[in-house]
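See structure below.
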Amino acid sequence: MEAKTLLEIKNLKKYFEISQGMFKEKINVRAVDDISFSVREGETFALVGESGCGKSTTGRTILRLTDPTDGQIVFKGKNIEKLPYNQMRALRNRMQMVFQDPYASLNPKKTIRQILMEPLRVHNKFPREERLEKINNMLKIVGLSEEHLDRYPHEFSGGQRQRIGIARAVILQPDFIIADEPVSALDVSVQSQVINLMLDLQEEFGLTYLFISHDLSVIEHMTDRVAVMYLGKIVEVADTEELFANPRHPYTQALISAVPISHPDEEKERIILTGDVPSPANPPSGCSFHTRCPFAMDICRKVEPVSKEFSNGHKANCHLYTDSENKEEKEYAINHS
Amino acid sequence: MSSSLPQNEQALENRVKPKRKSAIATFFSNLSRSWTGLIGFIIIMTLIVISLIGQWITPFDPYFAEFSKKLLPPMTEGHLLGTDQLGRDIFSRIILGARVSVIIGLATALIAGLIGTIIGIIAGFFRGWIDIILMRIVDVTLSFPFILLVLVINAIIGAGLRNIIISLAVGGWVIFARVIRSEVLALREKEFITACIATGVSRFEILIKHIVPNLFTPIIILASLQIGTYIIAEASISFLGFGVAPPTPAWGNMLNEGKDYIFSSWWLITFPGLAIVITALGVNLFGDWLRDTLDPELKGE
Amino acid sequence: MSDTILKVKDLKIQFKTGKKTVQPIRGVDFSIKKGETLGVVGESGSGKSVTSLAVMGLLPEKTSEIISGEIVFDGKDLTNLKEKHFRKLRGNDISMIFQEPMTSLNPVFTIGEQLSEPLKQHKKMSKKEIETAIIAVLTQVGIPRAEQIIHEYPHQLSGGMRQRVMISLALLGQPKLMIADEPTTALDVTIQAQILKLMKDIKKQHDMSLLLITHDLGVVAEMCDRVVVMYAGEIVEVAEVKELFDNPLHPYTRGLIESLPSKNTRKNRLYSIKGQVPKPNEITKGCIFANRCPFAFSKCFEETPPVQHTGNHMSKCWLQDSNKDEVS
Amino acid sequence: GCTEGTSGQDEPSSDGNNDQKAKDSLVIGFEADAGTLIANLDVNYTTDTQIRNIYDSLIERDGQTGEYIPSLATDWENVDELTWRLTLKEGVKFHNGADFNAESVKFSIDYILDEANQSFYRSRWANVEEVKVLSPTEVEIKTSVPFPSLVQRITEDLLIMEPGYVEEVGTDVAAKEPVGTGAYKFVEWSRDNFLKLEANEDYWQGEPAIKEVEFRYIPEFSSRMSAFLGGEIDFFKNIPVDSVAEIKNTDNAKIGEVSSARINYLALNTFHDGPLQDVNVRKALNYAVNVDELLESILNGYGTKMTGPLAVINSSYVETDDYGYDPDKAVELLEEAGYDPEELTLTLDTPNGRYPMDSQVAQGIASQLQKIGVQVDVKVNEWGNHLEKIQNREMGDMYILGWGPAFDPQSTIENLFTEGAPYSSFYDEKIEAKIQETNAIFNEEDRFEGYAELQHDLVEQSAWVPLWQQADLYAIKEDLNFEPRVDEKMQVFEMSWK
Amino acid sequence: MLDFIIKRFFQVIVVVLLALTVVFFLIRISGDPTTLFLPPDAPKDQIEEYKELLGYNRPLIVQYGDFMFHAVQGDFGESLRSQEDALGIVLSRIPATFQLAISALLIALIIAIPLGVLSAYKRNTVFDKVGVALTIVGQAIPSFWLGLILIYFFAAQLKILPSGGGGTAIHLILPTLTLAAYSVARFTRFTRSAMLDVLRKDYIRTSKASGVPTFRLIMRYALRNSLIPIITLVALDLGVLLGGAVITEVVFSWPGVGRLLMQSLMNRDFPIVLAGVFIIALIYALVNFIADVLYAYVNPQIRVK
Ligand SMILES: Nc1ncnc2c1ncn2[C@@H]1O[C@H](COP(=O)(O)OP(=O)(O)OP(=O)(O)O)[C@@H](O)[C@H]1O
Ligand SMILES: Nc1ncnc2c1ncn2[C@@H]1O[C@H](COP(=O)(O)OP(=O)(O)OP(=O)(O)O)[C@@H](O)[C@H]1O
Ligand SMILES: [Mg+2]
Ligand SMILES: [Mg+2]
């Protein structure tokens, strides 16, 4: 079944101008550089990529926590990229966010009651008398209880705080939640608890997630579709299973192969990338991955590849798959990937 | 406890659930652990009490000039710290002088703190041109050494308790504005503020309900550390003859009046000076303690 | 056991913070053989770093105290070693790579200045020789332009490069034992893969022992010969790496392995351990894991479980014991 | 006329060769720097005192009596009411060798009168119309109105500059490197630090005994004191009365004392709407203030009590009635005036440190008035504010002020008790008329008579509460011959080492 | 770099001009100085005439424009009292003030840095605790009182040091000590805490792990890192010292700018006040500017090749 599109991103760009202290020139960081994708209702869409590739910025721009430099954000058929602050406020009960850092995302001066009451109050949701009950319900759902209501965030563990953060996002019963690395700051044993909670909530409330993570095993486990980002660009999009089974872009291949094995007996053919991720302030010409790509060709240095669709919804931006010369080289590469 | 159901994380919860003490009890139990903070606190409380009831507990009338008893050394004729050049009891005058110091310290901290905080909040929250203008004003004010600035202003607007508070506040608000602005800037970037925006809280509410409450700690710390500076500044200016005018007893002007007696009657300059030192010491100790307790990261401005 | 390079016996460490004391290490026992890679896994706060610092003699002098146990390195007891003698070992016989490559290099000294330090301290070499040695090591860890890099400052390097510099710093003294405290946690997967491979190669070349601290079972599976599982300041299980993954004995280890997403059916709930890691001041009598353990029974809350050895596989759980007399 | 000034007190030290120590330099601790070293510009005690060692005046005062004695002018007389003629000394040379003559006198007076120079003395000389050089030794001064106090102006204000030098180097340089006819030549001036002078060997009154002089600027009393005790300075002025004993107890130190020509008083402001417009209240205050006690206990007796508007040293002084201390009478008078002393609150403004123990005296007065029940709010002002308040007529009931030098009746009375003069803020229609009348009298005897009457009237009207003539106190090295002068000047020429 | 310097310099100028503006209006509002300069018996019309001469009866804004026009050319008018160039008078006092401030700064650094380092190294020992206590007390002592007490002991009682006056090195001792006391306390504390901060850093642990001996660790590795914040503090404190010099100069009769400014304030010699304000604001701004450059220079993270 083809679900409806909930969110559509078209040519989104976000550049940051940052000053390098007093002595240096200002630089322009292309955190998100012309990306497009869409999220369907009810699915979990993942953004994956290395640190600094622009995942968080994408998420924050979609929620208009920062203003996009350019491009369109269409939510439920409505363009929201230019909505003024106060109109955007009204929309926020439909789209919510869960943050990476459970310590920083809760106001240390507010009790849990205040933290959870705020969204209800702001959006005037539920009659006043019922709100407390709703909060208590929500607490129960995320595995906390009434007696936590009057405590302050610092009295909770990281896992518990993350659950409070999730509760705050879900209590408005939004359609769409962006979860920005919701588990990466948590202990291994607590991670799975939070992932379970997110899965449960999705089922219960029919939520759509934009799930941001760099942990490929988590992504493989819980998402439906994945977009792989590199230096502010999306290099590959596919259904999760398809992507892990059949990665097309050399970067995706390297990324997947770099994941540590899960059992000592496992044998893994590694593509070890050389070098570091270039700075988004000064991205390489052509295909931005060419500096590290084991299959880089001449054209990669000069021309930016365009998106090529393989099977249903599986797209990648790579010259290996575009029609041009160097056929042999390409074939070799594809066969060995 | 350990017999309760282990699987339930509630068990652990309860075991480690912090005993909730009242804020005051926490304050004192913290305070009692640091002898420096305790000394500071005792000095401050003594000072405040003295400044409140001072006029009823002075052994002599601090204004009354008993010419026949001038310049009596300490411990003579019932004058604990001796008498001054007009035969007034120094001990009584020091007690009454505490009021000036307390008023100056508190009032200036209040006014400078309020102005500085408001300006800091405006600059930090709204940014843009208003920030630029306000920060230029701050720069201008900061382009003078504090004491000199206060002195010049005071010399220009004239002496007196009210004017000295004004001039100290004019010199003092900037530091609040600076610190508060950078606090606000830091807070703005905090994830919980982003979370508020994501929730849909209005900007005004974010400012009032989320940013301002988080400023209390830095404000209190800063104010407590500044009070000492103000008290010393007042004394310096009075000493130079611009501040609180005699006959109102203030420690600075007692020193000013007594400095010509340095060769004959040492007690005239010794005791008011000690009073200032002890006060500044107390305030600093308490302020340091407060800073270390409330915000270990704010060390060193 | 002459092939044991390091032996830690019943180590207990206590910290003083203000008037309170906490004891984050409560009896740690393990050893590393020559040429072996020993993994130490455990969640945050389980005491991995403290243990490794104790081996390096780098615990804060004033606030920490080794209250019992011994650390024997190459036949020498390090527990009460004088600072002067310790210094001879550090950077020379034992060296260490730290978790945070971003903060572990001094920002105001050039890479060259910092790298020359272990050589200055331990080897009698001329300036020229030192420089040659440094460049050689840097090249070995895969740093391009080594001649230039030594004149640059840390902030001019990326995280991966810095970690390579840290590794070369650790290599310079040609140590017998290298301790790596979460060397890749702060890095990206692709960089992590590079560094892990590098460490594997280096270890092989230099024939040294490696104590690899991590919280990532994947890294353990990839790198280690044997594994120590730590939980809240105690060792709950020690085993050969395969044995551990195939036959984990302690419920905690089992839980960790089970909760790996790859062990669970896609899109289904993951296996998870309930509750959270206790803080050092929350520890009560009985088994430390009891309150999270799905198999806990009353005894677990009363008495500390004994150490069980099954061949080379050691675990610390009443279940192992109860197998013998009680039925679980 | 008088000839060369050798009034007994002056001990020209040319015969000072009996000193074996051969000490011939002197360091004076002085509270403030000169504003400028050019003459006839800055109306200021600190400037004047120092440069009077470099420049000479035409007419001098006797250091002890305050009487006029000739200096560069040997004689002066009125040709008519508007014309004065001065005869000048011959053979006097400036430090640069130029001759002193009538031209230099004209130049110096013109310097004051020329607006461009912005001399602060100009207002005092506004009545001078013209200076005519009759011959090298004779000048004539024309005034626009009868100007009997011209002699005083000449004595107090006018110092003679070398026209050629000033014209040659310009006023800017002349203000830093002065040339005069005085006993000392300029050597070096370091701002806010010191002024060094050396003896003018060819001085027309003889060679000075002290060869090198330094004014060292030390504003703080305690610093001056320690410099004195440490032997860095040889004498300094303005000892707080409470430190006199300390100096007396020091080896090789003595106290020099003189009743100066500066008077201190408690002004009773009749311009301020309030009880003080009632003469009975003013009288009551005169009875209630115990000047003797203030003098004795606050000033330790250093000061000369006054009873009327003029000090004994004043040329027209007559003895007036002393109100004395009579608190009962005071209360009675107050009640007569319709005031309940217990209900009465008055303000009292005082400067701080301008006059000996000024703010303490104010507080003493407050204590005394408190004894008859009158409440006094003492306000201590910074000097600039104090003066401004007086001139802008913003003062309250009473204030403390000093006036000096008070040698001449006209300047004192005119500046204190007329409507336009704010300095005592007393005004009475009849007295005003009388003052104007007396000021214009040219005949010396009538004039004296007029001022005598005025003094009695003013006392009768209780125009103010007279306090005392200040005592100038100096700390002096035991072996320094130095007789403090009534006019506060420090003429080093008069000094010598024993 | 040049770009930055120009920008900063421009900023300095703007700040100084604004400062002048503020002081100008404050002063003008506070009243006029004529009364203090003319003899007390000066008649009203001469007062008026004098005001006119000085231009004080023009509209304020015209006076301001005129003042600024000349001020930017370094002309602050003539001292009302001595009729000399006001800026010249102020400038001639600068050396004395600098002598005092710099010697105090040097003394403070010489005492404070070793003390702070030692205190940090020996933290929580008796030495450290006594040191910390002393620094707290040191910061609580107002300099004018300390000055008086020093005078009392060394000049009045022991009679071994002069209590004031300018010139020789001996005269410099007491004022320097007085002025330095606060900075000694402050620097010591700051050095100690900067040092403690650095000693906690990961990279210090790295150095230790390479076998660097303690002495070398502190003197070479930790100290250089601590010096970076100390430099900023020192620059800022030079301003504090210049400000503090006002009081010290008055207490010890030191012929510097501070005392000049005090006297001019008392005398209402406004051109000097304005020139003094200008110079001090300028020096202060320049010192901060130099501190920034220095900071950038010692801190490789923001240094440009
Ligand atoms: N507010 C900002 N100002 C300036 N630059 C920014 C800002 N936020 C992000 N950047 C830059 O944009 C780039 C993308 O950052 P972003 O946080 O989106 O990456 P990410 O993929 O979320 O990385 P991570 O995995 O580390 O969270 C980075 O180079 C970052 O330095
Ligand atoms: N200097 C110290 N003072 C007091 N307590 C300390 C100190 N260092 C560590 N601890 C405590 O010891 C415990 C173990 O810390 P340790 O750093 O060894 O954990 P870890 O296993 O390395 O965790 P992580 O994965 O977060 O690095 C923690 O509870 C920590 O709070
Ligand atoms: Mg991110
Ligand atoms: Mg660790």
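Proteins get letters first, then strands, A, B, ... in listed order; numbering begins at 1 in each. If you're wondering where the values come from, they're calculated on a predicted model, not measured in any experiment.
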List the steps and the verdict of side chain to side chain contact (heavy atoms under 4.5 Å, CB included) for E/Met262 and B/Leu151.
CA-CA 9 Å; E/Met262 268 293 295; B/Leu151 184 70; 3.5 Å; yes
[X], part contacting chain E, at a heavy-atom distance under 4.5 Å:
X        : answer
B/Leu274 : both
B/Phe146 : neither
B/Ile262 : both
B/Asn284 : side chain

Acceptor/donor pairs from residues 139-156 of chain E side chains to any protein atom, 3.5 angstrom cut, sequence neighbours excluded:
{"unit_1": "E/Gln139", "atom_1": "OE1", "unit_2": "E/Arg189", "atom_2": "NH1", "d": "2.9"}
{"unit_1": "E/Trp145", "atom_1": "NE1", "unit_2": "B/Ile269", "atom_2": "O", "d": "2.7"}

Taking every non-hydrogen pair under 4.5 Å, which of [options] racks up the most with chain E?
options                                : value
B/Phe263, B/Phe242, B/Trp266, B/Phe239 : B/Phe239
B/Gly252, B/Gly228, B/Ser236           : B/Ser236
B/Leu240, B/Ile276, B/Thr36            : B/Leu240
B/Leu255, B/Val283, B/Asp139           : B/Leu255

Does some side-chain heavy atom of E/Val246 sit less than 4.5 Å from a side-chain heavy atom of B/Ile147?
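No, side chains not in contact.
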Take atom [atom1] of [X] as the centre, draw a 6.0 Å sphere, and report whether it contains more than 12 heavy atoms from other residues, nucleotides or ligands.
X        : atom1 : answer
B/Arg99  : CZ    : yes
B/Met75  : CE    : no
B/Arg162 : CZ    : no

Side-chain donor/acceptor pairs under 3.5 Å, residues 15-23 of chain E, sequence neighbours excluded:
{"unit_1": "E/Thr21", "atom_1": "OG1", "unit_2": "E/Leu17", "atom_2": "O", "d": "2.8"}
{"unit_1": "E/Thr21", "atom_1": "OG1", "unit_2": "E/Tyr64", "atom_2": "OH", "d": "2.8"}

Rounded distance (nearest 0.5 Å) linking atom CG of B/Leu285 with atom CD1 of E/Ile136
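Separation between the atoms: 5.0 Å.
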At a 4.5 Å cut-off on heavy atoms, which part of [X] comes close to chain B: side chain, backbone, both, or neither?
X        : result
E/Leu282 : neither
E/Val137 : both
E/Val287 : neither

Could you give me the CA-CA distance, side-chain angles and deciding distance for E/Ile280 and B/Leu148, then say whether side chain to side chain contact (heavy atoms under 4.5 Å, CB included) is met?
CA-CA 10 Å; E/Ile280 287 181; B/Leu148 195 69; 3.3 Å; yes
